[in-house]
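What follows is a short report on a single structure.
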Amino acid sequence: MDAMRKQLDVLMGANRNGDVREVNRKYYDRDVCRLFLSGLCPHELFQLTKMDMGPCPKVHSLQLRKEYEEAKSKGVDNYDRELEDAIDRLIVECDRKIGRALRRLEDEDAKAAIAISVSEVTQTPEILELSKQIKEKLKEADQHDLEGKTDLKIRALEEVEELRTTRADKQSILLLDAFNKDRASLPQPLPNPPPLAPLPVAAPDPHIQEMINEKLKKAEDLGEKGMVDEAQKALEEAEALKKLPARQEPVLDSSKYTAADVRITDQKLRVCDICGAFLSVYDSDRRLADHFGGKLHLGYMQIRDKLAELQVLV
């Protein structure tokens with residue numbers, strides 16, 4: 001019920017029912033969200049993700065934000081430091097997860113420790129211009145909300161989604177190109193490998209193979225959601241299953257496997273330096289676009305941009 005109420009607040013305003021208390025409320029009241037007044041409340045960013053904080057228990061009001069900004073311009077109040085501290089804690093925790101993920105991947109693949117910087121690869125002038133347009137459209141939507149122009153607000157938010165989709169598609173192409181170069185440095189299979197003497201190998205246990213496939217799929221899904229520890233654990237479980245000896249058969253000669261065989265099971269994971277999600281150098285452009293357009297990535301991108309903005313103002 002609280003989540004539904006918040007959604008209606010965003011669309012129609014917190015005072016949509018003509019609540020007199022809302023009209024008489026002041027921006028400095030204790031039940032008003034100071035983070036929202038300063039420009040960004042983390043509770044709004046990660047809905048329906050593993051970082052979901054639930055609805056904010058305090059009031060979000062664009063009218064009160066306007067009053068706060070007027071008071072701030074006169075030097076009466078300034079809540080920027082509170083917002084900076086709040087989002088800095090989120091970024092510190094995210095960076096810790098990224099560090100842990102890189103250290104774990106380094107044990108398996110030294111190249112992962114110098115993973116591609118997603119933020120650098122995807123920040124071209126065109127991408128920066130799209131980000132600027134998105135911010136302007138969001139401000140436009142807020143202004144329409146203040147003026148009670150719901151239809152125009154909805155249209156502005158639709159344009160924001162269109163711009164975000166365009167940006168995600170272009171970012172995915174940029175990262176895919178970087179991953180293609182990354183893949184080129186990986187061991188390649190021999191074009192014409194010499195024939196090897198056949199070994200008496202029994203067909204793999206279908207039950208174990210099914211479990212391995214499930215673990216790999218689970219690791220991939222968890223990686224997309226930024227669940228670093230869980231994804232790594234699933235990969236380790238898959239590797240452990242692959243090491244189980246075949247029943248009633250001698251140990252297989254590992255030299256018969258090509259680099260291509262290894263790469264199919266080894267996803268060659270890289271870590272997004274913005275949100276901490278696992279990405280594979282074998283991901284498709286569609287999967288990468290879904291990552292860039294996902295709430296988790298967009299949320300961390302917003303708080304990182306906001307933190308940089310606040311630090312410039314200091």
Side-chain angles (χ1 to χ4, degrees), residues 3 6-7 9-10 32-62 65 68-69 72 78-102 115 117-123 127-139 141-142 157 160-161 163-165 167-168 171 175 223-229 271-279 288 290-314:
K6 287 294 181 181
Q7 291 293 336
D9 287 348
V10 170
V32 175
C33 179
R34 291 186 173 187
L35 303 184
F36 178 83
L37 296 180
S38 296
L40 186 153
C41 176
H43 287 266
E44 295 183 327
L45 300 180
F46 302 112
Q47 295 177 358
L48 303 179
T49 73
K50 73 182 187 69
M51 288 292 296
D52 195 335
M53 301 176 182
C56 181
K58 297 193 175 184
V59 173
H60 289 189
S61 168
L62 290 171
R65 176 190 282 177
Y68 159 73
E69 290 173 347
K72 177 183 173 183
N78 191 333
Y79 303 147
D80 286 355
R81 182 58 185 273
E82 292 184 38
L83 176 59
E84 183 177 348
D85 289 343
I87 62 179
D88 184 59
R89 287 194 295 270
L90 291 173
I91 292 175
V92 167
E93 180 58 30
C94 181
D95 288 344
R96 285 176 182 166
K97 291 181 179 179
I98 292 173
R100 289 197 299 268
L102 289 177
S117 174
V118 174
S119 56
E120 292 181 6
V121 170
T122 60
Q123 292 303 304
I127 298 298
L128 293 174
E129 176 60 27
L130 284 170
S131 297
K132 179 181 177 182
Q133 292 178 27
I134 290 170
K135 289 181 180 179
E136 290 173 351
K137 280 294 175 183
L138 287 171
K139 290 181 179 179
D142 285 348
L157 292 177
V160 167
E161 289 306 310
L163 288 169
R164 282 176 171 171
T165 298
R167 182 179 64 183
Q171 286 178 313
L175 190 58
E224 292 173 9
K225 298 176 182 178
M227 302 174 71
V228 176
D229 296 342
V271 182
C272 176
D273 62 347
I274 294 176
C275 67
F278 277 140
L279 301 172
L288 292 175
D290 289 342
H291 165 75
F292 286 117
K295 284 189 176 181
L296 195 70
H297 183 86
L298 289 174
Y300 275 113
M301 187 168 68
Q302 282 185 255
I303 62 176
R304 289 181 185 277
D305 288 347
K306 188 63 177 180
L307 182 62
E309 176 186 323
L310 292 173
Q311 290 174 339
V312 168
L313 297 175
V314 174

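What you see is a predicted model; the values in this text were computed from it and never measured.
Atom SG of C33 is separated from atom NE2 of H43 by 7.0 Å, given to the nearest 0.5 angstrom. In this structure, OG on S61 lies 8.0 Å from CG on L37, to the nearest 0.5 angstrom. Atom CD of Q302 sits about 11.5 Å away from atom NZ of K295, to the nearest 0.5 Å. Between the CG atom of L157 and the CG atom of L138 there is a distance of 7.0 Å, given to the nearest 0.5 Å. Here the straight-line distance linking atom CZ of F292 with atom OG1 of T165 works out to 14.0 Å at 0.5 Å rounding. Note that CD1 of I134 and CD of E129 are 10.5 Å apart. Values are rounded to the nearest 0.5 Å.
The two residues A101 and V271 make their nearest non-hydrogen contact at CB-CG2, 3.9 Å. Between D273 and S119, the shortest heavy-atom contact is OD2-OG, 3.0 Å. Smallest separation of non-hydrogen atoms from H297 and C275: ND1-SG, 3.7 Å. Heavy-atom minimum distance, L83 versus L40: CD1-O, 3.1 Å. L48 approaches D52 most closely through the heavy-atom pair N-OD2, 2.8 Å. Closest heavy-atom contact between S131 and R167: OG-NH1, 2.9 Å.
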Next item on the list: Start with the C-alpha gap between S38 and E82, add the side-chain angles, then the distance that decides, and say whether side chain to side chain contact (heavy atoms under 4.5 Å, CB included) holds.
Entry: CA-CA 9 Å; S38 296; E82 292 184 38; over 6 Å; no
Item checked: side chain to side chain contact (heavy atoms under 4.5 Å, CB included) assessment of F36 paired with E44 -> CA-CA 9 Å; F36 178 83; E44 295 183 327; 4.0 Å; yes
Note to self: As a quick check of understanding, evaluate side chain to side chain contact (heavy atoms under 4.5 Å, CB included) for H291 and L175, giving each step before the final call.
What the structure shows: CA-CA 11 Å; H291 165 75; L175 190 58; 5.7 Å; no
Notebook entry, point to check: Where do E136 and K139 land on the salt bridge (charged side-chain N to carboxylate O under 4.0 Å, His left out) test, with the steps shown first?
Noted result: CA-CA 5 Å; E136 290 173 351; K139 290 181 179 179; over 6 Å; no
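Comment: R164 engages E161 in a salt bridge, judged by a side-chain N to carboxylate O separation of less than 4.0 angstrom. The residues K306 and E309 are annotated as salt-bridged, a charged nitrogen and a carboxylate oxygen being separated by less than 4.0 angstrom.
Taking a 6.0 Å sphere around NZ of K50, one finds it holds more than 12 heavy atoms contributed by other residues, nucleotides or ligands.
Relative ring orientation between Y68 and Y79 is described as parallel, the plane-to-plane angle staying below 30° on a 0-90° scale split at 30° and 60°.
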Distance-only donor-acceptor hits, side chain of residues 87-95, under 3.5 Å, sequence neighbours excluded:
from	atom 1	to	atom 2	distance (Å)
D95	OD1	R304	NH2	2.8

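The shortest side-chain heavy-atom distance between L35 and P42 falls under the 4.5 Å cut-off. With a 4.5 Å cut-off on side-chain heavy atoms, R65 and D142 count as touching.
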